[in-house]
Amino acid sequence: MQTKEPLAIVWLKRDLRLQDNEAIFNALNTGKKVLLLYVFEEFLIKDPHYDIRHWNFIKESIIDLNKELIQYNSKILAVNSEVAATINQLMQHYHIQDLFSHQETGLLCTYHRDQKITRYCHNNLINWTENIWNGVLRGVQNRRGWVGQWTAYMESPLIDFNPKNQLLTIKEIEHLETLFTVTDLSTPIITPIQKGGVTEALKYQNTFFKERYINYTKGISKPELAQESCSRLSPYLAWGNLSTRQVWHAAKNIRPLSKNKKDLDAFTSRLKWQAHFIQKFEMEHTMEDSSINKGYHMLKKSISVKYQKAWQTGQTGVPMIDACMRCLNETGYLNFRMRAMIVSFFTHLLWQPWQDCAVYLSKMFIDFEPGIHFAQVQMQAGETGINTLRIYNPVKNGYEFDTNANFIRKWVPELAHLQTKHIHEPYAMTPLEQNLFNIKLGVDYPEPIIDLKENRKRASKILWEMKNDPLVMQENDRILAKHTLNKSTLNIAG
DNA sequence: CGCAATTTCAG
DNA sequence: TGAAATTGC
């Protein structure tokens with residue numbers, strides 16, 4: 001019987017790139033043949049946090065990687081299966097002792113999956129090496145020295161992709177494909193959602209650092225301008241088409257000659273905040289479905305299917321909210337401030353549990369990043385205890401950040417023909433004005449489903465009172481001790 | 001990266 | 001008197 005050839009497997013999860021990929025680097029370092037593997041896992045595809053838009057993004061990323069891999073006569077093995085079963089199949093043809101992937105700070109379901117893989121690897125004498133993901137540290141108890149370590153990681157050199165002749169050839173992989181249900185990688189050609197893939201990611205990165213970043217701080221809060229002046233790199237960072245380190249280096253490289261250092265620094269400071277939040281999630285994974293501050297577990301809100309549906313579909317009768325929701329549903333993107341506003345509307349003004357909006361938004365955000373998502377939703381919901389309560393006024397935000405109502409005009413076309421002030425507050429129109437301007441509220445566009453003023457008062461009263469609750473206050477101390485960055489190292493603008 | 005009511009202050 | 005700063009929710 002002939003001996004099987006050794007094979008090192010790179011399990012690509014949310015690190016869908018070849019450059020600066022430590023897992024690939026480590027696999028190549030074994031000197032063995034290397035297989036790049038992506039497993040479309042049924043449990044994850046069915047998970048309520050994910051949407052077809054995410055799976056399309058991943059497929060686009062893989063197709064793009066395959067184009068890059070042609071020059072090495074290789075491709076990615078992409079299968080519909082589960083990880084242990086896949087490795088079992090591969091062991092029929094290869095001697096497998098090495099598995100490489102990044103350390104995933106993910107959902108509870110992927111955490112449990114990884115625990116199973118740990119046992120599987122142990123039982124099958126496989127070494128599973130997980131590399132650090134974008135500077136997020138596993139197993140730390142507090143944040144002493146964290147910023148320094150993170151910065152050092154970002155400033156360390158990028159890892160080159162240099163596979164020589166180690167990657168399995170296309171022919172070898174096509175042979176393996178007969179063992180599996182190979183994933184159909186075809187995706188819709190035209191969608192308003194950002195396309196996945198390193199090639200796309202680099203286009204966004206290049207245009208951002210070439211000129212778009214100049215308006216970064218000016219546009220960041222405005223829903224229309226932000227689409228252009230923000231980097232739009234978030235989906236590529238979330239799915240690992242780019243590493244944070246690559247983006248950090250790109251920013252650093254243009255900084256000396258940049259005339260807009262403030263805008264550039266505002267951007268890189270957000271790269272740091274991104275890591276900060278993911279680190280928090282890594283250290284407090286129960287945040288996915290319960291408030292980090294246990295004092296808020298007693299807060300019970302009654303669920304209104306009607307309110308939630310209206311919010312999801314952009315039919316609340318509050319134009320700025322409806323514009324945001326419809327834009328998000330269609331494009332998968334919304335700027336940060338508007339995300340905060342729709343969460344505040346859902347949790348404060350509709351008085352619905354943050355968990356419900358977290359699930360819906362994770363599906364809609366093409367850049368859904370578990371580590372950021374749950375902490376942000378909880379913070380905006382005002383259930384951390386340590387942050388000031390921020391209840392957004394969607395009308396005020398409309399006047400302030402969509403002054404000419406062009407964003408609303410685009411996404412709520414039934415209002416587009418009205419004067420700007422009527423677009424912001426259609427419910428303030430008299431019956432006479434409605435007649436005159438040819439619109440009937442409740443027919444052409446809904447009346448507001450809630451009383452903005454009254455509901456704001458209710459949320460404010462209850463949540464401010466809860467800040468004095470002994471358990472909330474006790475939890476504040478615990479959270480601050482565990483998650484706050486050391487003051488001397490907080491200079492995040494750096 | 002809140003909001004709105006209240007107080008202060010310049011002219 | 002209205003803008004700017006302060007404060008309490």
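Chain A is the first sequence line, chain B the second, and so forth, proteins listed ahead of strands; every chain is numbered from 1.
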Any N/O pairs under 3.5 Å between the protein and nucleotides 6-9 of chain C? List them or say none.
{"unit_1": "C:dC9", "atom_1": "O2", "unit_2": "A:W464", "atom_2": "NE1", "d": "3.3"}

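- In the model, A:R245 has no side-chain atom that pairs as donor or acceptor with a side-chain atom of A:N134 under 3.5 Å.
- Under the ring pair (Phe, Tyr, Trp, His ring centres under 6.0 Å) criterion, A:H483 pairs with no residue, sequence neighbours left out.
- No hydrogens or angles considered: nothing links the side chains of A:S61 and A:D64 as a donor-acceptor pair under 3.5 Å.
- Side-chain contact of A:Y213 with A:S258: a donor-acceptor pair under 3.5 Å is present, judged by distance alone.
- No side-chain donor-acceptor contact under 3.5 Å links A:R458 and A:H348.
- With ring centers used as reference points, A:F281 lies 6.0 Å or more from A:H276.
- Contacts between residues 390-397 of chain A and DNA chain B, defined by a heavy-atom separation under 4.0 Å, are made by A:R390, A:I391, A:Y392, A:N393, A:K396, A:N397.
- First and last contacting nucleotides of DNA chain B toward chain A (any atom under 4.0 angstrom from a heavy atom, 5' to 3' order): B:dC1 to B:dA4.
- Aromatic ring centres of A:Y50 and A:F57 lie farther apart than the 6.0 Å criterion allows.
- In plain terms, the two heavy atoms of A:Q378 and A:M287 that are nearest each other are NE2-O, 2.8 Å.
- A donor-acceptor contact closer than 3.5 angstrom links the side chains of A:S243 and A:D20.
- Contacts of residues 333-352 of chain A with DNA chain B (heavy atom under 4.0 Å): A:F336, A:R337.
- At a cut-off of 3.5 Å, with distance as the only test, no side-chain donor of A:W133 or A:T244 sits close to an acceptor on the other residue.
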Take A:S302 and A:W351, measure what side chain to side chain contact (heavy atoms under 4.5 Å, CB included) needs, and give me the verdict at the end.
CA-CA 8 Å; A:S302 56; A:W351 201 241; over 6 Å; no
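- Scored by the ring pair (Phe, Tyr, Trp, His ring centres under 6.0 Å) test, A:F209 finds A:F267 as partners (sequence neighbours excluded).
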